[in-house]
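Residue indices begin at 1 and follow the sequence shown. Counting starts at 1 for both ligands and their atoms, following the listed order.
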Amino acid sequence: MLGIRDLSREEIILVLDTADSFIEVSTREIKKVPTLRGKTIVNLFYEASTRTRTSFEIAGKRLSADTINISSTTSSVVKGETLIDTARNLEAMNPDVIIIRHSAAGAPHLLAGLVKQSVINAGDGAHEHPTQALLDMMTIRAKKGRIENLRIAIVGDIAHSRVARSNIYGLKTMGAQVAVAGPATMLPRDMEHMGVEVHSSLEKALAGADVVMMLRIQIERQHQNIFPSLREYARHFCLNRQNIALAKQDVLVMHPGPINRGVEIAPEIADGPFSVILNQVTNGVAVRMALLYLLTGGKG
Ligand code: CP
């Protein structure tokens with residue numbers, strides 16, 4: 001599971017249907033099924049994470065797998081061990097699945113070429129974050145009953161967002177109309193070739209939207225002349241009580257997290273009646289259970 005770009009419509013539906021069937025497990029008093037008993041899952045994270053790493057760990061545990069977390073800051077990576085050597089050593093311990101987050105685009109592909117285990121991309125640089133897009137599509141489908149022909153606005157730093165890229169691939173494959181918006185410095189030049197509308201105004205992207213996906217502003221990029229100041233960015237691109245009225249009356253508001261409150265999204269919108277941000281987190285566990293199940297030989 002290296003990227004959404006490689007998935008067909010049928011494969012996406014298989015993952016979403018399987019995830020739907022796992023939702024119920026997390027509502028039980030005893031939140032555990034024996035499906036992956038005896039399997040070993042390694043979470044190898046070279047970047048910080050709250051939602052993705054925790055939900056992969058919970059997903060593995062709810063399926064009765066043994067889950068091991070490795071963080072670059074507490075492993076031999078700090079002693080200079082390369083990704084290739086780390087991969088070979090993990091492979092020698094014979095786990096069943098390796099999940100990797102890395103700042104370098106393509107790191108999961110490199111890993112998949114080196115080891116015999118299934119590899120899951122948990123986010124690689126500005127390239128892809130396929131499990132985020134799958135949980136986003138699961139959330140949209142659960143709330144709207146379909147993805148096809150919905151108008152979906154993705155707003156923010158599109159150029160540096162692996163979440164945006166994976167969602168664009170997935171949503172287009174599923175037949176949605178996608179509009180992106182952000183400052184010119186945050187919009188890649190080749191965007192139209194991906195079959196999306198491109199706007200430099202938030203209001204144009206919001207007009208008639210069924211779903212609005214706000215992206216985290218990567219504050220760490222503030223000194224790269226991508227945007228003049230957080231206040232200036234918020235003035236033009238913060239989703240708030242006024243501009244949300246341009247979207248459909250039953251719009252869904254999404255955000256992958258972590259949120260910069262008052263920068264890309266006003267607190268009353270993040271916590272308001274249109275928000276499905278915490279539903280996304282809940283669905284993240286089910287999507288990751290589905291992927292672990294399917295990649296270890298489960299049938300949908
Ligand atoms: N959405 C997401 O990837 O969040 P984390 O960085 O906390 O995993």
Side-chain angles (χ1 to χ4, degrees), residues 1-5 15-16 19 26 41-62 67-74 97-108 119-140 142 152 154-171 180 211-221 239 252-261 263-265 269-271 275-292:
M1 166 48 67
L2 301 178
I4 294 286
R5 190 179 194 172
V15 177
L16 301 190
S26 295
I41 293 159
V42 173
N43 257 331
L44 176 59
F45 275 61
Y46 284 81
E47 279 189 334
S49 168
T50 296
R51 282 146 288 269
T52 312
R53 200 178 83 160
T54 309
S55 60
F56 264 120
E57 185 175 359
I58 289 175
K61 289 194 158 126
R62 290 201 176 150
T67 57
I68 288 93
N69 292 319
I70 304 175
S71 149
S72 58
T73 53
T74 53
V97 181
I98 303 177
I99 298 153
I100 179 169
R101 171 171 285 190
H102 202 287
S103 58
V119 172
I120 302 180
N121 180 358
D124 63 326
H127 179 228
E128 280 226 37
H129 191 349
T131 62
Q132 178 70 43
L134 288 164
L135 73 88
D136 290 341
M137 288 189 279
M138 179 183 179
T139 306
I140 294 169
I152 301 180
I154 306 178
V155 181
D157 188 355
I158 309 292
H160 299 101
S161 174
R162 54 196 178 204
V163 174
R165 191 172 297 275
S166 285
N167 264 299
I168 290 168
Y169 290 137
L171 293 168
V180 299
V211 177
V212 184
M213 209 176 269
M214 302 306 293
L215 301 175
R216 177 177 82 87
I217 280 302
Q218 301 181 23
I219 290 171
E220 58 274 23
R221 295 189 188 280
L239 187 65
L252 298 183
V253 173
M254 306 179 74
H255 193 301
I259 293 173
N260 298 304
R261 288 172 180 267
V263 178
E264 68 263 5
I265 188 165
I269 299 298
D271 303 327
S275 174
V276 292
I277 294 170
L278 294 178
N279 301 79
Q280 290 172 261
V281 179
T282 301
N283 291 337
V285 175
V287 154
R288 289 165 179 131
M289 287 171 83
L291 289 171
L292 294 174

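Atoms CG and CZ, from Leu215 and Arg162 in turn, are 12.0 Å apart once rounded to the nearest 0.5 Å. Put simply, CE on Met1 and CG on Leu292 are 11.0 Å apart, with the number rounded to the nearest 0.5 Å. Atoms CG and CE, from Leu135 and Met137 in turn, are 9.0 Å apart once rounded to the nearest 0.5 Å.
In summary, Asp271 and Arg261 engage in a salt bridge, as defined by a charged side-chain N under 4.0 Å from a carboxylate O. Comment: Glu57 engages Lys61 in a salt bridge, judged by a side-chain N to carboxylate O separation of less than 4.0 angstrom.
Within 4.0 Å of ligand 1, heavy atoms belong to protein residues Ser49, Thr50, Arg51, Thr52, Arg101, His129, Gln132, Pro256, Gly257.
Residues forming a ring pair (Phe, Tyr, Trp, His ring centres under 6.0 Å) with Tyr46 (at least two apart in sequence, or on another chain): His102.
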